[in-house]
Amino acid sequence: RKEVEQDPGPFNVPEGATVAFNCTYSNSASQSFFWYRQDCRKEPKLLMSVYSSGNEDGRFTAQLNRASQYISLLIRDSKLSDSATYLCVVINQGGKLIFGQGTELSVKP
Amino acid sequence: EAQVTQNPRYLITVTGKKLTVTCSQNMNHEYMSWYRQDPGLGLRQIYYSMNVEVTDKGDVPEGYKVSRKEKRNFPLILESPSPNQTSLYFCASSSHPRTSGGHTDTQYFGPGTRLTVL
């Protein structure tokens, strides 16, 4: 079993839709969690950190469920420019970054 | 402008011909690392460096070497490239490494190097 797993998609949604991604992690001692965005095989860039209390940044909401060992990313009112691959990143207890495979999102007009 | 640069951006080479991919950052970051990205496998860490003259193996170090003689540079060396090293490579840096080898600060990635080994 992979340490961090994501549904690779692709998720094809119309503009304005709400879309949610989940990411599960196997190591219960994992300490920090992030969502990165990657466009067309360009470099990944930090989208947002994920805190235990949940956090929101505009149309994006990230949540952590430690009991079930998953994190989620919710995108509301999706835009064409949201089309990208979203990478889940977990830092394990040893301080190592583990990347998920990424979930591809395609927002259509 | 704060950035991580990599060169070359694209490279096609043949089996066995030594090559070096350079990586440089201008943010005075202590922590630097190399990843490769392959379809279905995500980003996998090759090597990382906590500081000058300190390097450690990541998940997939076989066939690669690195060096960290200066804080800003972290070249990736393929002494004898093979076709299974065909991949997209990213260098990354960040400012707060933990002594255990990881970090919680944002990683800044270079633009990537697409390598094809024939």
Side-chain angles (χ1 to χ4, degrees), chain A residues 1-10 21-27 29-52 55 57 60 62 64 71 73 84-105, chain B residues 2-7 9-10 21 23 25 27 30-50 56-61 86-116:
Chain A
R1 182 186 172 188
K2 293 180 181 175
E3 196 163 345
V4 176
E5 291 199 72
Q6 295 180 250
D7 182 343
F21 307 135
N22 280 342
C23 166
T24 59
Y25 59 95
S26 59
N27 189 335
S30 297
Q31 300 188 348
S32 301
F33 310 87
F34 305 88
W35 284 102
Y36 276 72
R37 170 190 169 134
Q38 185 175 27
D39 294 286
C40 293
R41 305 292 274 176
K42 293 186 178 178
E43 72 271 27
K45 293 183 180 178
L46 179 67
L47 179 65
M48 57 197 306
S49 303
V50 187
Y51 304 120
S52 298
N55 49 302
D57 183 3
F60 298 83
L64 167 64
I71 67 172
L73 177 68
T85 296
Y86 292 84
L87 302 169
C88 168
V89 181
V90 174
I91 297 183
N92 65 19
Q93 78 272 31
K96 184 175 179 61
L97 268 74
I98 311 293
F99 286 81
Q101 293 180 51
T103 297
E104 184 182 345
L105 171 65
Chain B
Q3 60 181 350
V4 179
T5 57
Q6 292 178 230
N7 282 292
R9 294 289 314 279
Y10 303 91
V21 184
C23 173
Q25 49 94 4
M27 295 168 278
E30 294 160 325
Y31 187 96
M32 297 184 75
S33 59
W34 275 102
Y35 296 87
R36 61 178 289 175
Q37 187 173 33
D38 302 288
L41 297 176
L43 278 156
R44 294 179 293 167
Q45 192 178 54
I46 302 170
Y47 268 95
Y48 64 95
S49 170
M50 299 282 286
D56 281 293
K57 295 177 180 179
D59 295 317
V60 287
T86 293
S87 187
L88 177 59
Y89 291 87
F90 290 105
C91 179
S93 72
S94 67
S95 59
H96 296 297
R98 290 182 179 177
T99 54
S100 58
H103 56 88
T104 56
D105 197 20
T106 302
Q107 282 209 101
Y108 294 86
F109 285 84
T113 296
R114 189 171 292 280
L115 172 66
T116 301

Contact class of A/Pro44 relative to chain B, heavy atoms under 4.5 angstrom: both
Closest heavy-atom pair and its distance - B/Phe90, A/Lys42: CZ-O, 3.4 Å
Engaged part of A/Gln6 at the chain B interface, taking heavy atoms whose separation is under 4.5 Å: neither
Contacting moiety of B/Leu43, where chain A heavy atoms sit under 4.5 Å: both
Proximal component of A/Lys45, with respect to chain B [non-hydrogen, under 4.5 Å]: neither
B/Arg114 portion near chain A, given a 4.5 angstrom heavy-atom threshold: side chain
From CG (A/Leu87) to CD (B/Gln37), nearest 0.5 Å: 6.5 Å
Stepwise side chain to side chain contact (heavy atoms under 4.5 Å, CB included) check, A/Phe34 with B/Gln107: CA-CA 11 Å; A/Phe34 305 88; B/Gln107 282 209 101; over 6 Å; no
Any side-chain heavy-atom pair of A/Leu97 and B/Tyr35 under 4.5 Å: yes
